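Working notes for the structure below.
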Amino acid sequence: GCETPMQWIDIGTVSDLWNANQSALNQDILHFPMKGTEVAPGVFAGTNVNANWDTISVKGPVYIGSGTTIEDGVTIEGPVLISENTHVESETTLRKCVIDPYTQIERGTEINQEWINPEFSIDLSEKSCVSTETDSTRASDIREARTMSNVSVLPQRAKG
């Protein structure tokens, strides 16, 4: 064996993974700095985050992944981890939650102590952390809404 400059965290259960995420958001893990830019105290954002910080309410600790869009009128109360390429529509409230990549959170949704994925949600307030199908009126896979109808074929270069 050998010593390494890191801290080992067991994430064998959902509650362990939740606790590890909370420790990361609170910057309590040795040698594990938050990625992105600190845009407000305890609020970190990756690259290409589309958010008007003057029209949303964010209280850390919060991490917002790259390529994410946060519409006006959203309230985020940490600890919250929003993964990359997520879209949070207006009038939504997120508290103590994890949002997986490519998730679209529908307008007016309130998420409190849940792990949200387009295909399932886990109630983190329950000790058993049982997963269920995500209610499609609250969250959906943002990739399903994308179409190829706006893609044009590039013109061919003239030979000669």
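Fair warning: this is a prediction, and the values are worked out from it, not measured in the lab.
Atoms CH2 and CD1, from W53 and I70 in turn, are 6.5 Å apart once rounded to the nearest 0.5 Å. If you take CG on N112 and CG on D123, they are separated by 9.0 Å, rounding to the nearest 0.5 Å. Once rounded to the nearest 0.5 Å, the distance linking OG1 of T69 with CG of N48 reads 10.0 Å. For the atom pair CD (Q104) and OG1 (T109), the distance works out to 10.0 Å, reported to the nearest 0.5 Å. We find the CD1-CD1 distance between I82 and I64 to be 5.0 Å, quoted to the nearest 0.5 Å. Note that the OG1 atom of T68 and the CD atom of E84 stand 7.0 Å from one another [nearest 0.5 Å].
Annotation for T103 and A139: closest pair CG2-CB, 4.0 Å, computed over non-hydrogen atoms. Closest heavy-atom contact between S83 and P101: CB-N, 3.3 Å. Closest approach of G73 to I56, counting heavy atoms only: N-CG2, 4.1 Å. What you find for Y63 and K35 is that their closest heavy atoms are CE1-O, 3.4 Å.
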Inset, instruction - Decide salt bridge (charged side-chain N to carboxylate O under 4.0 Å, His left out) for E77 and K59; before the verdict, give the C-alpha distance in whole Å, the side-chain angles of both, and the deciding distance to 0.1 Å. - result: CA-CA 5 Å; E77 298 176 8; K59 179 182 175 190; over 6 Å; no
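A salt bridge links E91 and R107; the closest N-O separation between the charged side-chain nitrogens and carboxylate oxygens is under 4.0 Å.
E71 contributes a side-chain N or O that, together with a main-chain N or O of S90, makes up a donor-acceptor pair within less than 3.5 Å. No side-chain donor-acceptor contact under 3.5 Å links S57 to the backbone of T75.
Put simply, the side chain of I99 reaches to within 4.5 Å of the side chain of I111, judged on heavy atoms.
Listed by chain and residue number, nothing satisfies the side-chain hydrogen bond (donor to acceptor under 3.5 Å, both in side chains) test with Q113 (two or more places apart in sequence, or in another chain). With sequence neighbours excluded, the residues forming a side-chain hydrogen bond (donor to acceptor under 3.5 Å, both in side chains) with D72 are T55, listed by chain and number.
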